[in-house]
Amino acid sequence: MPKIDPAQVPQLPVPFMNADHAHEARLVNDLEDALAAHGRGAGSLSAVLERLALLAVHTREHFLREETLMREEGFPAYPVHKAEHDRVLAEMDAEARIFREKGDGVRLARYLFETLPAWFLNHIRTMDAVTAGFAARRRV
């Protein structure tokens, strides 16, 4: 069962944010499948590392699109929202590095399938919802 149910991801009034969030959920769920297969000896380490890299690239691009929107619209809480993005990117990078160095799949799974999804959904419901609402009002 996917750890991020795409049907549970809140929809926002900015379409590109919804598309990014749906894609992020798919990448996390694909990574879960690869990590589980690797843990059972049925999947390769390279598949896990490839999916980790895809998630990292997409997350950076996803956050950059949101940050560009915030700057363009003059969103007052931009520094706070960006700081949260930076914090999560650093955390994701650290967990991926630890996995590459130590091969601790249990630790990576705990982060990617417990910690990250809880943060992701909460972030959408709070910071992203406020950002999207602000941008949508400004664009009307």
Side-chain angles (χ1 to χ4, degrees):
M1 175 163 169
K3 298 298 182 186
I4 299 176
D5 180 354
Q8 298 300 313
V9 176
Q11 295 297 292
L12 303 173
V14 177
F16 84 80
M17 293 174 80
N18 295 325
D20 278 346
H21 295 154
H23 190 64
E24 189 94 2
R26 282 190 303 275
L27 289 170
V28 170
N29 293 338
D30 288 348
L31 180 52
E32 176 186 19
D33 293 342
L35 190 59
H38 176 62
R40 292 189 310 271
S44 69
L45 177 60
S46 64
V48 174
L49 295 174
E50 176 186 331
R51 283 166 180 80
L52 266 173
L54 289 171
L55 179 62
V57 168
H58 177 268
T59 302
R60 279 179 168 67
E61 292 171 349
H62 157 195
F63 288 174
L64 181 59
R65 281 187 284 276
E66 287 183 11
E67 292 161 10
T68 299
L69 173 71
M70 288 186 274
R71 284 191 314 274
E72 288 174 351
E73 298 300 331
F75 183 58
Y78 168 77
V80 174
H81 196 151
K82 176 154 182 16
E84 184 62 7
H85 286 172
D86 292 345
R87 183 193 69 75
V88 168
L89 288 172
E91 187 178 86
M92 287 177 72
D93 288 346
E95 292 298 330
R97 180 181 39 70
I98 290 166
F99 176 73
R100 286 190 305 272
E101 291 171 358
K102 299 183 180 181
D104 188 345
V106 172
R107 177 185 172 132
L108 183 63
R110 189 176 326 112
Y111 174 72
L112 290 172
F113 314 126
E114 294 174 18
T115 304
L116 186 62
W119 173 85
F120 179 67
L121 294 173
N122 183 62
H123 183 77
I124 294 169
R125 288 183 187 110
T126 58
M127 290 187 174
D128 284 354
V130 172
T131 299
F134 180 87
R137 286 188 299 279
R138 302 254 313 168
R139 292 179 171 197
V140 170

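Quick note: residue numbers are just sequence positions, from 1.
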Distance from [X] atom [atom1] to [Y] atom [atom2], nearest 0.5 Å?
| X | Y | atom1 | atom2 | result |
| --- | --- | --- | --- | --- |
| Asp20 | Phe63 | CG | CZ | 10.0 Å |
| Met92 | Leu116 | CE | CG | 5.5 Å |
| Leu27 | His62 | CG | NE2 | 11.0 Å |
| Leu69 | Phe75 | CG | CZ | 9.0 Å |

Contacts of Asp104 that satisfy salt bridge (Lys or Arg N to Asp or Glu O under 4.0 Å) - sequence neighbours left out: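 Per chain and number, Asp104 pairs via salt bridge (Lys or Arg N to Asp or Glu O under 4.0 Å) with no residue.
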Salt bridge (Lys or Arg N to Asp or Glu O under 4.0 Å) partners of Arg60, counting only residues at least two apart: Asp93
Indicate if [X] and [Y] have the same hydrophobic cluster label, given that clusters are the connected sets of ILVMFWY residues with side-chain heavy-atom separations under 4.5 angstrom.
| X | Y | value |
| --- | --- | --- |
| Phe120 | Val130 | no |
| Leu35 | Leu45 | yes |
| Met127 | Leu89 | no |
| Ile124 | Tyr78 | no |

Residues two or more places apart in sequence or in another chain: which of them pass side-chain hydrogen bond (donor to acceptor under 3.5 Å, both in side chains) with [X]?
| X | value |
| --- | --- |
| Glu72 | none |
| Gln8 | none |
| Asp128 | His21, His81, His123 |

Under 3.5 Å donor-acceptor, Arg138 side chain and Phe134 backbone: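 Between the backbone of Phe134 and the side chain of Arg138 there is no qualifying donor-acceptor contact (under 3.5 Å).
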Within the 4.5 Å heavy-atom criterion, are [X] and [Y] side-chain neighbours or not?
| X | Y | answer |
| --- | --- | --- |
| Leu52 | Leu108 | yes |
| Thr131 | Glu66 | no |
| Tyr111 | Val106 | no |
| Arg139 | Glu73 | yes |
| Glu24 | Thr59 | yes |

Run the side chain to side chain contact (heavy atoms under 4.5 Å, CB included) test against [X] and tell me which residues pass, sequence neighbours left out.
| X | answer |
| --- | --- |
| Ile98 | Lys102, Arg107 |
| Asn18 | Gln11, Leu12 |
| Arg125 | Pro10, Leu121 |
| Ala25 | Ile4 |

Given the rule in the side-chain contact (heavy atoms from CB on, under 4.5 Å) test, do Leu112 and Leu55 qualify, once you have shown the distances and angles that lead to the verdict? CA-CA 10 Å; Leu112 290 172; Leu55 179 62; 4.0 Å; yes
Can you pull the ring pair (Phe, Tyr, Trp, His ring centres under 6.0 Å) pairs that have at least one residue in residues 28-55, sequence neighbours excluded? none
Which pairs with one or both residues in residues 76-89 pass salt bridge (charged side-chain N to carboxylate O under 4.0 Å, His left out), sequence neighbours excluded?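 As it turns out, the salt bridge (charged side-chain N to carboxylate O under 4.0 Å, His left out) pairs with a partner in residues 76-89, which skip direct neighbours, are Glu67-Lys82, Lys82-Asp86, Glu84-Arg87, Arg87-Glu91.
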Identify the residue among Met70, Arg65, Arg71 that makes a side-chain contact (heavy atoms from CB on, under 4.5 Å) with Thr68. Arg71
Taking the hydrophobic residues Ile, Leu, Val, Met, Phe, Trp and Tyr, and joining any pair whose side-chain heavy atoms are under 4.5 Å apart, which ones share a cluster with Val57?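 Traced through the cluster, Val57 reaches no other member.
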